[in-house]
Structures are given as C-alpha cells and as structure tokens.
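What you see is a predicted model, and the numbers here were worked out from it, not measured in a lab. In this chain, residues are counted from 1 in sequence order. Atoms within each ligand, like the ligands themselves, are counted from 1 in listed order.
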Amino acid sequence: MRTRITVSIALLAALAGGACFMSRDPGELSLRAEVQRYLDRYGPEFQRLTLAAQEAQWASQTRIVPGDETAGARVRAAEEALAEFTGSTENIELARAYLRRNRELSTLQVRELETILRKAGGNPQTARTLVQQRIAAETKQTEQLYGFAYELDGKRTTTTEIDAILRTEADPAIRLRAWEASKAVGPTLREGLVNLRNLRNEVVRALGYADYFAYMASEYGMKPAELAQQIDGIQRELRPLYRELHTWARYELARRYGQPVPDLIPAHWLPDRWGQEWSALAPVEGFDLDGALHDKSPQWLVEQGDRFYQSLGFEPLPPTFWERSSLLPVAADAGFSKNNHASAWHMDLDRDVRCLMSVVPTGSYYETIHHELGHIHYYLQYSTPQIPVLMREGASRACHEAFGSMMGLAAMQPRFIQAVGLDVGTQRPDPMRLLLQEALNYVVFMPWSAGVMFEWEREIYTQGLPAERWNQRWWQLVEKYQGIAPPGVRDERWCDPATKTHVNDDPAAYYDYALSYVLLFQLHDHIAHNILREDPHDTCYFGRREVGDFLKSMMRPGATIDWIELLREKTGSPLSARPMVDYFEPLRRWLVEQNRGRVSTLPPL
Ligand code: X8Z
Ligand code: ZN
C-alpha cells in the first residue's frame with residue numbers, strides 16, 4: 001500500500017532556503033544524509049537516461065519513414081537503458097528499505113523515494129523480458145499509428161485534412177467518407193493493442209499492482225474503484241447540462257442536414273473524429289476566430305501564445321524551443337510522416353523544452369497552442385535548483401493538463417481577443433451563443449473523457465475485457481455516455497478505440513483531462529473573482545501579472561506538493577465540479593427554453 005504524503009508550501013520554502021530541521025537524534029541525521037547521497041546519485045543518472053530516451057523518441061516521432069527501422073531501434077535501446085536503471089532491483093530494494101524508516105526521513109525524501117518506487121513499478125527488473133517486449137511493442141504501435149497511410153476517395157490524405165473536413169463540410173456523404181477514412185487505421189492497431197494490454201498488465205504485476213489501470217491510478221493515491229466513484233460523481237453533476245446540449249445538437253444537426261431528428265447522433269455528423277468536441281456546431285455571429293486567424297502563419301500563432309504568457313510575467317520561450325520544436329504539418333506526399341497529435345516535451349528535465357505540433361491557423365489550434373505552452377511553462381517553472389529532478393513533474397497529471405487548458409479558455413474570450421487585436425468581426429457577439437460554444441467544447445468533452453474513455457480502458461485493463469468484444473463494448477459506451485451512434489455496422493473487424501492516440505501511447509490516463517477540466521474551471525473561477533474581479537464569462541487575462549504570479553506559485557513546487565492540498569491552499573476549496581456547473585448554469589436554463597417541446601433521448605446515468 002502506498003501512503004499518501006503531503007508537504008506544505010511553507011515546508012518546501014524552508015527546504016529550498018536551506019533551513020535546518022528541528023533537532024533530531026544522530027541516527028536519523030545520518031540516515032537522512034545517506035538517503036540524500038543516494039537521491040543525489042539517482043537524480044543525475046535518471047536525468048541523463050531520460051534525455052537519451054527523449055532524444056530517440058523525438059527523432060522517431062518527428063520523422064517516420066516507412067521501412068526505416070533505425071529510429072525504432074534507437075528508441076528501443078534508449079528506453080531499455082532507462083528502464084534497466086529505474087527498474088533495477090538495487091533501486092527497488094534501496095527505496096523500499098529507506099521507506100520502511102520513513103518516519104526518520106524528511107517529507108521530501110519520502111516523496112522522492114516513493115517516486116523511485118513508482119517508476120520502478122513500470123519497469124521492474126524482475127520482469128525484464130516483459131519490459132523489453134513492451135518497449136518493442138510500444139515502439140511498433142507508435143510507428144503504425146503515425147506512419148499509417150490514410151486514404152480518402154483513393155487519394156493519400158492526413159488526419160489534419162480529415163479533421164478539416166469534419167469541421168467544415170456540409171455534405172453528409174463526404175463527411176461519412178472522411179469519418180470512415182479516419183477509422184481505417186483501427187484494424188492495423190488491434191493486434192498490437194491486445195499485446196500491449198497484456199504486457200502492460202503483466203509488467204506492473206511484478207511489483208504487486210493489480211493491473212496497469214491500477215498502476216496509473218495509484219499516482220493519485222486511489223484504487224480504480226475509488227477513482228471511478230469520483231469520476232462518476234463529476235459526470236452526474238454535469239449530466240443535466242449535457243442532456244440539454246445533446247437535445248439541442250440533435251435538432252440543430254437534423255435541420256442542418258435536412259434529416260429526421262435522430263435519437264442518437266450519427267458520429268459522422270459531428271465535427272471531430274470521436275465526437276469529443278462540438279464547438280464548430282455553434283458559430284457565433286461577430287466572433288469568427290477561424291476567419292481572424294486564416295491568414296496568419298503557424299509561427300505567428302505560436303508567437304501569439306508566447307506573447308500572452310510573457311504578458312503575465314512568464315519568461316520568453318527559450319531560443320532552443322524555437323530551434324528544436326517541430327511545429328508544422330507534413331504534407332500527405334512528403335515521403336515521411338510525423339506524430340501529428342500535439343504534445344509538449346521536457347527533454348532533459350531542465351530547460352530543453354519543445355513542442356511537437358502540426359499547427360494550422362484555426363481557432364481550435366490556437367487553443368491547443370495555449371494548452372501546450374501551459375505544459376512548457378510548467379516544465380520551466382519547476383526546473384530550478386530548488387526542485388529535485390525526481391520532483392520535476394506536475395503536482396498531479398491533471399494539474400499538468402489544467403493550466404494550459406485554462407489559458408486556452410481565457411484566450412478565447414472576447415475582451416481578450418479584442419485586446420490582442422484579432423479581427424473577429426465588428427458586432428458584439430451574443431454572450432449566450434458564446435457560452436453555448438464553450439459548453440460544446442468543455443462540457444461535451446466530459447461524457448467522452450470521464451465516460452467512454454475512462455470506462456473502456458478500465459474494462460480492458462482491470463476486467464480483462466476480451467478483444468472479441470472491444471468494438472461492441474466501445475459503441476455501447478459511446479451510446480450510453482455520449483448519445484452517439486456509428487453510421488453503420490461497426491463489428492469486431494474494426495477497432496475504433498485504437499484510432500484514439502492516447503489508447504495506444506498514453507494509456508489508462510485519459511481521465512486526467514476530465515479532472516483537468518474540472519480543475520480549470522475552479523482555477524478560472526478563483527482568478528476571475530478574486531484576482532481580476534471580473535465576470536468569469538468575460539475576462540481579459542492579458543497583461544495581468546497578478547494572474548501570472550498566482551499561476552507561477554502553483555507551478556513552482558512541481559510534484560513536491562499534493563495537488564489537492566495545493567488547490568486548497570491556493571483557492572480554499574477541494575476538487576469540485578461546482579464552478580464548472582455554475583459557469584454554465586445560465587446556458588442550461590436557456591437551453592431548457594430552447595428545447596421546450598423537444599424530446600430528450602439521453603437517459604440519466
Ligand atoms: O491530447 C491532448 C493535448 C495534448 S496533452 C492536445 N488533449 C486531449 C485530446 O486531444 O484528446 C487535450 C484535450 C484532450
Ligand atoms: Zn496536454
């Protein structure tokens with residue numbers, strides 16, 4: 001059993017300032033010194049091996065050449081070296097032995113030792129062959145996912161092109177073909193995912209975790225069942241609002257496509273591949289962000305994000321960010337491809353930070369850029385001499401996702417857009433339409449992330465859901481949580497869940513995003529009310545250093561502090577979906593009016 005350890009910011013400040021502990025007996029002091037020597041050796045070696053693995057991953061994911069095996073071989077070698085170190089029996093035994101005497105150690109040391117054990121749990125030396133098989137399988141899966149040759153109407157295409165069609169195309173027949181093209185990669189990935197599910201489970205069992213999902217949940221100090229309860233509670237709070245949005249969307253889409261109103265929304269009617277984000281369904285008159293960005297270069301969009309963070313007092317992105325990042329999409333006929341799912345990389349656990357993106361000048365990518373730069377600034381904030389290398393992570397994975405998403409929300413509000421001089425139109429946009437657009441983004445995401453993704457991954461890892469039922473179960477969950485139906489028969493010849501990036505390369509952790517959305521509305525609510533003293537629906541963060549100071553104070557401690565304690569300390573509240581529910585309450589009431597006389601087909605949970 002892992003114990004939950006917290007350290008207060010005051011203690012951290014004392015540690016950082018080199019303050020002494022209260023007097024202790026000499027045995028304790030020498031144990032602390034011994035543990036510190038161990039941690040001081042572990043840190044640099046971990047950092048060196050992490051950098052090598054990250055460099056290899058970076059090379060292989062920014063340039064995927066069909067048939068070229070050298071990049072994959074380099075990744076395997078570097079990942080194995082890192083795994084051998086983090087999972088070594090020596091490290092496991094030492095960390096365990098020291099932790100048995102945790103009362104004699106500093107809270108920070110205990111936290112670091114626990115992190116060492118957690119990392120070991122992902123790669124234990126006692127399961128060396130399985131670890132190697134898993135690394136090889138992961139490398140191959142990534143190559144197959146991002147190296148896949150998508151085709152539409154007999155021509156090579158990319159997911160960037162498919163996404164553009166789903167966002168804008170009016171002809172349902174073309175939409176259907178694009179949607180189907182996006183799912184063609186699934187069967188290629190199915191066997192690899194079955195293998196990976198088994199390997200991931202077997203590897204973590206060596207150190208006593210029940211399964212891979214339990215291993216990932218343990219980072220939050222929770223068992224899967226406890227996590228499920230928390231996630232379920234959040235879902236239930238947001239369900240009444242989602243039901244209204246679902247009803248509104250069914251009628252709106254049926255009108256748009258000249259079809260009878262369906263009970264379940266056909267998946268290809270929605271503006272993205274998984275129905276996770278519907279904001280394109282509600283364009284707002286006088287607020288055309290896509291139009292305002294259309295002529296801007298991808299570089300400009302990223303620079304704009306940088307300007308925003310700088311205006312809050314964050315440092316400019318380091319020159320190496322601009323030199324080493326991969327920001328542009330690769331054309332369908334380039335002869336190579338890249339991982340085109342946006343990500344932010346902390347290469348050396350220090351100042352080598354990079355983005356891997358395929359920026360196109362749209363409102364949606366503008367938001368993604370703010371999200372990714374949130375990760376980058378978090379990395380930079382905790383990469384200081386005060387924070388040991390092992391603690392250079394978010395206070396929780398959800399925190400890491402939250403800050404940038406919140407900046408994305410803030411950067412889309414009209415007064416902000418006006419302040420940065422984006423020409424979105426002359427009219428004053430209707431606040432209710434704006435709120436609707438935001439809900440179609442943030443609220444619609446919840447049944448997908450906290451429902452479908454959470455539940456499906458939980459079932460495959462913790463309940464061993466047989467692969468013969470994967471696709472069927474997927475679509476049952478999509479129906480139950482999202483109220484969406486596939487446009488045709490999706491039997492087990494398909495593997496639609498595998499078309500989602502994270503299912504392959506960021507497994508059993510998608511609920512991080514659900515938690516992060518809850519957190520982001522709490523933070524935004526706090527900032528709007530207590531720092532800016534503005535209506536949360538109509539803020540302008542630009543240039544407000546107090547906001548930057550607040551965010552930096554949350555980022556700086558990295559993983560040295562428990563995230564719930566951090567949240568309490570900074571906002572006075574525990575984790576709660578209330579601010580998110582309250583934010584959209586005027587919209588819920590408005591939707592009830594709009595939907596009067598319409599039938600809701602989504603059952604309560
Ligand atoms: O994967 C991401 C980020 C990278 S950390 C772009 N997101 C999830 C997704 O795309 O499915 C952000 C929101 C959800
Ligand atoms: Zn992210």
Side-chain angles (χ1 to χ4, degrees), residues 57 61 142 145-146 159-160 162-163 166-167 182 216 231 270-280 298 301-302 305 309 325-327 329 338-346 353-360 362-380 393-409 411-412 438-454 456-457 478 481-482 496-521 523 555 580:
Q57 290 281 9
Q61 293 192 33
T142 311
L145 172 61
Y146 297 111
T159 51
T160 304
I162 291 173
D163 289 343
L166 292 177
R167 225 178 19 254
S182 80
M216 293 304 284
I231 295 279
L270 291 167
D272 80 73
R273 283 175 268 163
W274 306 279
Q276 70 179 65
E277 205 278 86
W278 306 353
S279 57
L301 263 78
V302 184
Y309 279 90
S325 287
S326 170
L327 302 177
K338 71 186 249 193
N339 172 346
N340 62 358
H341 189 87
S343 52
W345 297 48
H346 200 189
V353 290
R354 305 179 196 174
C355 274
L356 171 47
M357 300 195 281
S358 297
V359 180
V360 283
T362 61
S364 158
Y365 228 109
Y366 167 88
E367 188 189 356
T368 298
I369 288 165
H370 289 87
H371 174 95
E372 298 307 333
L373 294 188
H375 289 304
I376 296 287
H377 281 289
Y378 207 166
Y379 298 148
L380 292 171
E393 291 180 355
S396 69
R397 298 193 312 256
C399 280
H400 230 302
E401 299 304 333
F403 292 118
S405 286
M406 187 189 69
M407 296 287 277
L409 172 88
M412 306 276 270
E438 285 176 335
L440 292 170
N441 181 348
Y442 298 97
V443 179
V444 158
F445 183 74
M446 300 304 280
W448 153 253
S449 56
V452 178
M453 285 289 283
F454 179 83
W456 190 83
E457 288 200 293
V478 170
Y481 289 108
Q482 294 180 285
D496 297 320
T499 66
K500 184 66 196 170
T501 312
H502 306 66
V503 166
N504 301 285
D505 64 10
D506 193 5
Y510 202 80
Y511 52 88
D512 293 351
Y513 297 110
L515 295 174
S516 80
Y517 277 24
V518 169
L519 185 57
L520 97 77
F521 278 95
L523 295 176
M555 290 176 166
M580 188 170 183

Mind checking whether F445 and Y442 have ring centres under 6.0 Å apart?
-> no

Using the Zn ion (ligand 2) as the apex, give the angle to atoms OE1 (E401) and NE2 (H371), rounded to 10 degrees.
-> 90°

Step by step, work out the side chain to side chain donor-acceptor pair (under 3.5 Å) result for Y146 and D505.
-> CA-CA 11 Å; Y146 297 111; D505 64 10; 3.2 Å; yes

Give the protein residues with at least one non-hydrogen atom closer than 4.0 Å to an atom of ligand 1, ordered by chain and number.
-> Q276, H341, A342, H371, E372, H375, E401, F445, K500, H502, Y510, Y513, Y517

What is the minimum heavy-atom distance between S405 and L520, and which atoms define it?
-> CB-CD2, 3.5 Å

Shortest non-hydrogen pair, Y309 vs H370, comes out as OH-O, 2.7 Å

So how far is it from W345 CH2 to I376 CD1, rounded to the nearest 0.5 Å?
-> 11.5 Å

Could you check Y511 against R397 for side chain to side chain donor-acceptor pair (under 3.5 Å), going step by step and ending with a plain yes or no?
-> CA-CA 10 Å; Y511 52 88; R397 298 193 312 256; 3.0 Å; yes

Is the Zn ion (ligand 2) less than 2.8 Å from at least one N/O/S atom of H375?
-> yes

Can you find a heavy atom in the side chain of V353 that is under 4.5 Å from one in the side chain of H377?
-> no

